[in-house]
Each structure stands twice: as structure tokens, then as C-alpha cells.
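So the structure is just underneath, and the comments pick up after that.
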Amino acid sequence: MIVRELELDLDAFEGPFDLLLTLVLKDELDLREVDVAGIVLAFVEHLFERDELDLEACGEFLVLISALLELKARGLFPEEAAELAELEPEAAAEELARRLAEYRRMKDAAGWLRERLETEGDRFFRLGPAPLAPKVEVPLAPQQPERLAEVIRLLAKDPPQVSLAHMALRFPPVTQFLERFRAVLRRRARFDFDQEVGELSRVEQAVAFLALLDLRRSGEITIEQSAPFAPIRIARAGEENENPDERTSAWTLRSA
Amino acid sequence: MDAPLRLIASNPLDQLARTIEALLVVASAPLSVADLAEAADDDAERVEAALGLVRERYAEGRSGIVLEHVAGGWAFRSAREAAAACARLFEKPAQRNLSQAALETLAIVAYLGPCSRPDIARIRGVSADSAVANLVERGLITEAGRDDEAGGAIRYRTTPLFERVFGLESLSQLPRLDDVGASTEQIRERLHEVAEKRTA
């Protein structure tokens, strides 16, 4: 693995590691904006993916990243670095005392602010739309478990079956018509469909027609119709239709 | 002088005082004399005089409403005696549960501001990031430019809300904190003691 080619995707920079270093050294990228932890994370993730420990790469990375960190630290506290390097122990103690005193003053000021908050806390004023104080949560009323059980029991019961009787279409069985037509054909060799079922309901007529088709399929009858919507004539199978020629001509005539 | 609301229509200053009352009651932030003069279409001197009248009418103890000079302007607030009732209706998000870190940060920004997070961290000795973010969210401090050097850190200053919450007419009302000179001496002595022990 080559550390310099490590791809980075940071807020301040996106690209290979060596480009980042170049930009930083040329002062074209402010190191203070660079998230060094992000670089370390990218490297560690990369190591993890490789699943083998490249000591040389790790060493190189450590050197580079520590140099980067030092640069960044110096950039963040330029005066600090100068102060610490130049001060004599005596002066350093002086400086430290000055800072501690400054902190002590600010701590006192904070104490004053806290007191002030207490003495001035009873002044309310309008501040644009004021957020309403949180609603007090009302405790639950005393509970009756028996009553709850009762209600749940009601819910657990199967609802009554809704009757669909009033909307059911009653289909008479096809067999009923099979038998009926067979009985008719035993008495007569042929009959007229409309005459036979004309007084029945539309649904019953449809079922009757199905019975007719069934009889035709089993070869018990022959069906004739001279034209679309013309009367349907049924004849016992084997009984020759009366005058086929006439029928044909009638058909031809009508369709012409 | 028992009647707190003595309205004499014939007095033109009184008319102006009523206008000022109206302006202050619709405002959600303190109004300066200049703001009031412009809105009332009158001159600043007369506004000041009329404010005197309004201030008298709405002095603490006279009404549920009190006129106060705060954050560089004039504003109505509730009377202190009504505080408990007000607290039941409203909360005070700006100052509720301010931590010690937040108060110290606030003190630093109030006394030394505009100052940056590194400035604050240098004085307090720990990172100021979360305390600063917290104060910004509460509206007690706000951004005020950047440090001079290139890419300098953001600086912060206190807001008018800070002055209002703490009941200050302006930041100059903050007490002087130079009475801690003695403790500086003490700290210095202690440091010297430690240094001597180490070299010994």
C-alpha cells in the first residue's frame, strides 16, 4: 500500500493524501480546516480492508500524520508556542499567575451573573412568540381492571355473522333443467326454447341455456336457430330436422 | 396621587405618552428613544419627557405591568409580584439550567467580547465549544466577525437578550472586577513556593 495515494474524503479536502500535503506545504490549504482525525480514520479503514498489516505503510503514515499534527498545533496556537519557548521560568510563573487571576476574575463574574439571574428571575417579558410552559401531565384516573377486562372481552368476541340472504342471486342447479328438458323430449321430439322457459327469470333462463349446451355436448339433442335472436329450436338427437333446405334458405334470406 | 392612570386628554404630552404605551405594548424587544420618536413621529426630547410620565404610571407596585430601561431601550415587563403566575404559563428557555461552564463562558464573552472560542478556552483551560454552542442556541451570545488573521476564529459577543435577561441597561452596568488584585498576589506567591520546592 502506498500511503501517498490514500484517497481522502474530508469536509475541507477531497483527493489523494500527497495532494493534501502539497497544498498544505504550499499554504494553499489551511491546515486548521483539515480534520486530521478524518485522515487517520480513512487510513485505518483502508488497512482494515486490506486485511494485512503493512508495517512500512504504517510507519510512513505515522511519520506523516504526526508531522501534520504538529504543524496544525503550531498553526492553532502561534503565540502560545512563542511564549512557552521564550519565557524564563520566573516569567512563565508570572504568566501562569496572570492567567489564573484572569480565570479567577471570570469565575467571580460568573458568580455575579448567577446571583443576578436569581434576583432578576422574577421579571417576565415578551420575547417574540413565547413558548408556552410545558403542560402538566395529568395523572391517570383510578383504574378498574374488571371494567377493562369487560371491554376487552367484548372486543375479543366474534362479531355476529352478517346475513347476505337478501342479496344472494339464486341459481337453480343446471341438473334441474337437464331433467326437465329430458322429460319434455320424452314427450315430444322437438320444442321451442323460448316457449319452454319464457316465463322464468333471466337468471333461470341463463341456467336453462347452460343445460341446453350440456345436452348438446352429450349428443342428446340438436339445436337450431335460423338467425341471430331467432327462436331456438331443440330436437331430440336422431330426429331429422324438418325441412333443412327451408331453414337454410330462411337463414340466407335473413342474412342477405 | 393615588390614581395610577391619570389621563388628561388636554395635555399634548399625555397624548404622546399614550402613543408610547401603545408602541411598547406591541413591541417584542426594547425600543430605544430614537425608535419611539420615529414611530410616534415626534422629537426625542418630548419622547423622553413622555417616557417619564409612562414610567411613573408603570412603576413597580402600581400595575401588573412595569416599564423598565433595559438592553439600551424601553420595554414593558411583568411586575415581580406576578412572577409565580407568569412562571406557570411561560418558561424561560434562555436562562433555564445554565451550567457553571456556560456562566463562565458568558462572563468571559460579556467582559472581554468580542472574543473567540480559543480565547475562551485559554482562560478557562478547557474547550469552550459546547458551552459556546449552548449559549448561541439560547440566544445569549451571537457571532460578531472573525479574528483578524487569515481564516481567524469566529468571535462572539453578548446579545441584547443577555442584557434583558440579566436586567442590565447596557454592558457598562456589569460590575468592575478589579477588586481581585489581592488574590493575584496570593496565586503568585503560591506559584513561587512550588517553584522553590522543585528546585530545592
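Just so we're on the same page: letters track the sequence lines, and every chain starts at 1.
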_Run A:Met106 and B:Thr105 through side chain to side chain contact (heavy atoms under 4.5 Å, CB included) and show every step you take._
CA-CA 8 Å; A:Met106 288 307 152; B:Thr105 303; over 6 Å; no
*Among residues 37-46 of chain B, which ones touch chain A with a heavy-atom distance under 4.5 Å?*
none
*Check the pair A:Phe124, B:Leu89 against side chain to side chain contact (heavy atoms under 4.5 Å, CB included), reporting the backbone distance first and the verdict last.*
CA-CA 11 Å; A:Phe124 280 77; B:Leu89 186 58; over 6 Å; no
*Measure the spacing between CG of B:Leu98 and CG of A:Leu113 and express it to the nearest 0.5 Å.*
9.0 Å
*If you round to the nearest 0.5 Å, how far is CG of A:Asp122 from OG of B:Ser78?*
7.5 Å
*Taking atom CG of B:Leu24 and atom CZ of A:Arg126, what is their separation to the nearest 0.5 Å?*
10.5 Å
*Would you call B:Leu112 and A:Glu102 a side-chain contact if the rule is heavy atoms closer than 4.5 Å?*
yes
*So does A:Phe209 have more than 12 non-hydrogen atoms from other groups sitting under 6.0 Å from CZ?*
no
*chain A contacts, top residue of B:Arg77, B:Arg80, B:Glu104 (heavy-atom pairs, under 4.5 Å)*: B:Arg80
*Just wondering, do A:Arg123 and B:Glu68 contact through their side chains at under 4.5 Å, heavy atoms?*
yes
*Could I get the full list of salt bridge (Lys or Arg N to Asp or Glu O under 4.0 Å) partners for B:Asp35, not counting sequence neighbours?*
none
*State whether the number of non-hydrogen atoms from other residues, nucleotides or ligands found under 6.0 Å of A:Glu28 atom CD is greater than 12.*
yes
*Of all heavy-atom pairs between B:Ala107 and A:Ala109, which one has the smallest distance, and what is that distance?*
CB-CB, 3.6 Å
*Return yes when atom CD of A:Glu7 has more than 12 non-hydrogen atoms of other residues, nucleotides or ligands closer than 6.0 Å, and no otherwise.*
yes
*With chain A as the partner chain, list the residues of residues 159-171 of chain B whose heavy atoms fall under 4.5 Å from it, by residue number, and write 'none' if nothing qualifies.*
B:Leu161, B:Phe162, B:Arg164, B:Val165, B:Phe166, B:Gly167, B:Leu168
*Against chain A, label B:Val109 side chain, backbone, both or neither, depending on which of its atoms sit under 4.5 Å from a heavy atom there.*
neither
*Tell me, for B:Val70 versus chain A, whether the close heavy atoms (under 4.5 Å) come from the side chain, the backbone, both or neither.*
side chain
*Contacts of type salt bridge (Lys or Arg N to Asp or Glu O under 4.0 Å), residue B:Arg138, not counting sequence neighbours*: none
*Take B:Gln100 and A:Lys107 through the side chain to side chain contact (heavy atoms under 4.5 Å, CB included) test and state the conclusion after the steps.*
CA-CA 9 Å; B:Gln100 180 63 23; A:Lys107 220 175 149 186; 4.3 Å; yes
_Segment of B:Ala27 engaging chain A (4.5 angstrom heavy-atom cut-off)_ = backbone
*Reported CZ-to-CD1 distance for the pair A:Phe125 and B:Ile65, which is rounded to 0.5 angstrom*: 15.5 Å
*What part of B:Ala82 is in contact with chain A, defined as an atom under 4.5 angstrom from a non-hydrogen atom: side chain, backbone, both or neither?*
neither
